[in-house]
Q: 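To start, I am sharing the structure in question, which I have written as structure tokens.
Owing to the predicted nature of the structure, the values given are computational and were not obtained by experimental measurement. Chain letters run A, B, ... following the sequence lines, proteins first, then strands; residues in each count from 1.
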There are 2 protein chains.
Amino acid sequence: MSGTEKPSRKHQLETIATRLFKEKGYTASSMRDLANEVGIEAASLYSHIKSKEEILRNICFRMADQFFAAIDVIESKPIESMAEKLERFIVAHTEVITRDTEATLVFINEWKHLSEPFYSNFVDQRHRYESRFIEVLRTGIDRKEFLPIDEKFVVLTILSSLNWIPNWYKPEGKMSPKEIGQQLSRMLIDGIKSDSRQ
Amino acid sequence: MSGTEKPSRKHQLETIATRLFKEKGYTASSMRDLANEVGIEAASLYSHIKSKEEILRNICFRMADQFFAAIDVIESKPIESMAEKLERFIVAHTEVITRDTEATLVFINEWKHLSEPFYSNFVDQRHRYESRFIEVLRTGIDRKEFLPIDEKFVVLTILSSLNWIPNWYKPEGKMSPKEIGQQLSRMLIDGIKSDSRQ
DNA sequence: CCTACCGATCGGTAGG
DNA sequence: CCTACCGATCGGTAGG
């Protein structure tokens, strides 16, 4: 007997839910919307998932894991300068974002609808992620590689620029994810002024 | 007889609604939430407002008007360089944002719940606003003042950084709105690298 | 600004 | 995966 769940159905539900949450927002997306798109009755969704929020949780924490994994890889590599490390962080973040822009947008815009303890857990993870960037900035400032600008301010500027990318990124566009990350990194590090180039 | 509406009550409703929409999101905020906070019955709200969406419309389009007004002022002033004009645009935008961070966050995060034709109108206005920034960048690039970087990319980076400010800005903080705008502007124009300073 | 109320829709469960 | 259904809540109206 087939006692095993079909994982593909659950995966399909989450993919479609991600699109709905992104387009209409989590609260405005109903389970009946989701059921209609999948082609089953709303009640039938619950043989695959426990609750609406479970879907949101899976999206948010899967993305969080990917962001951490991407910068963890960089830590184990030899690095010349903090400028290089910062660029690698930015490129890594861009690559995660562009791999699934819809899930990223849900991650960015809908996390506030998580209930406790997931809400606090999420906020905490985000702080720790930001700290990883801040540390790079701080080290670069200590080494006189960067100007003594407020690190938090710089990191928030970087991350907000990065997190806007899923709003316009198209896979068929001119720039690859890596190029986008590099361009952003260069712009922030060197500026846009023509006589400021090293 | 007092045939005139009390405008202060309506204003109070919009202020509280703004806070609710910002905290819980537009869809997750109910008219009963709003009524409770104000201390009246939900049905009584409708003697002051036409609908829930009317409140959202007022918030979104009032903010849009303020953003345009702020940069319109700059056009009529003498300007030395495009770097200076860009800085003034950025400072002006920062000042509008910091004047009412809650309304700004609703403006940024909840506009997608506007119904037609307001939705299209809003999207259109945002495009026109972005174009004003793009024009400054383009002129600066033509004059060799800026590096020949993709203007749209730069403007989206600038605006996304600016639009993140209401998430952390506190009036009692170290930097004034003007200083925040100037620092952001300087960072984007000159970069954060120590040997890139003019 | 209130009472009384509307039809629609919500997330989710029982029991197959 | 379905039928049948639950209590709760939604935005909003009628009529004072």
Q: Which listed nucleotide (C/dT3, C/dC1, D/dC1) is nearest to the side chain of A/I40?
A: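 Of all the options, the side chain of A/I40 is nearest to D/dC1.
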
Q: Within the structure shown, what part of the strands sits under 4.0 Å from B/S29 by heavy-atom distance: base, sugar-phosphate, or nothing?
A: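 Sugar-phosphate: the residue B/S29, judged by heavy atoms under 4.0 Å, touches backbone atoms but no base.
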
Q: Flag the pair B/E95 and B/R99 as a salt bridge only when some basic side-chain nitrogen lies within less than 4.0 angstrom of an acidic carboxylate oxygen.
A: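 Here B/E95 does not pair with B/R99 in a salt bridge, since their nearest N and O are not under 4.0 Å apart.
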
Q: Go through C/dT3, C/dC10, D/dT3 for me and flag the one nearest to the A/E41 side chain.
A: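 Among C/dT3, C/dC10, D/dT3, the one nearest the side chain of A/E41 is D/dT3.
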
Q: Are the charged groups of A/R132 and A/E75 less than 4.0 angstrom apart, N to O?
A: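 Salt bridge: yes.
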
Q: Is a donor from one side chain sitting under 3.5 angstrom from an acceptor on the other, for A/N58 and A/E54?
A: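 No.
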
Q: In whole angstroms, how far is the P atom of C/dC10 from the OH atom of A/Y26?
A: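 One finds 13 Å between P of C/dC10 and OH of A/Y26, rounded.
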
Q: Distance check needed: C/dC1 P versus B/L34 CG, whole Å only.
A: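 That distance rounds to 12 Å.
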
Q: For nucleotides 12-16 of chain C, tabulate all protein N/O to nucleotide N/O atom pairs closer than 3.5 Å, reporting atom names and distance.
A:
unit_1, atom_1, unit_2, atom_2, d
C/dG12, OP2, A/Y46, OH, 2.9
C/dG12, OP2, A/K52, N, 2.8

Q: Quick one: pull up CZ in B/R57 and OG in B/S51 and give me the separation to the nearest 0.5 Å.
A: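 Here the rounded value is 5.0 Å.
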
Q: Starting at CG of A/D33 and ending at C1' of C/dG11, how long is that distance when rounded to a whole Å?
A: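 One finds 12 Å between C1' of C/dG11 and CG of A/D33, rounded.
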
Q: Looking at B/S30, does any N or O in its side chain come under 4.0 Å of the phosphate oxygens OP1/OP2 on D/dC10?
A: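 Result: yes.
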
Q: Does B/K112 make a cation-pi contact with B/Y26 (under 6.0 Å, within 45 degrees of the axis)?
A: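 Pair B/K112/B/Y26 does not count as cation-pi.
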
Q: Answer yes or no: is there a side-chain heavy-atom contact under 4.5 Å between B/L86 and B/F146?
A: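 Yes, close enough: below the 4.5 Å cut-off.
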
Q: Checking side-chain contact (heavy atoms from CB on, under 4.5 Å) against A/T94, which of A/V91, A/T98, A/V96 comes through?
A: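 It is A/T98, the one option of A/V91, A/T98, A/V96 that forms the side-chain contact (heavy atoms from CB on, under 4.5 Å) with A/T94.
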
Q: Using OP1 and OP2 only, check whether a side-chain N or O of B/S47 sits under 4.0 Å from C/dC1.
A: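 For C/dC1, neither OP1 nor OP2 has a side-chain N or O of B/S47 closer than 4.0 Å.
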
Q: List the residues meeting ring pair (Phe, Tyr, Trp, His ring centres under 6.0 Å) with B/F107, not counting sequence neighbours, and say none if there are none.
A: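 Testing B/F107 for ring pair (Phe, Tyr, Trp, His ring centres under 6.0 Å), a comparison that skips the adjacent residues, returns B/F67, B/F122.
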
Q: Given atom CG of B/L20 and atom P of D/dC10, what is their separation to the nearest angstrom?
A: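 Distance check: B/L20 CG to D/dC10 P gives 12 Å.
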
Q: Please give, in whole Å, the distance from C/dG11 P to A/I49 CD1?
A: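 Taking CD1 of A/I49 and P of C/dG11, I get 10 Å after rounding.
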
Q: Thinking salt bridges, do B/R138 and B/D142 make one under a 4.0 Å N-O criterion?
A: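 No.
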
Q: For DNA chain D, please output the secondary structure as dot-bracket, reading 5' to 3'. Pairs are Watson-Crick or G-U wobble, both atom distances under 3.5 Å; mark crossing pairs with [ ], other-strand partners with |, unpaired with a dot.
A: ||||||||||||||||

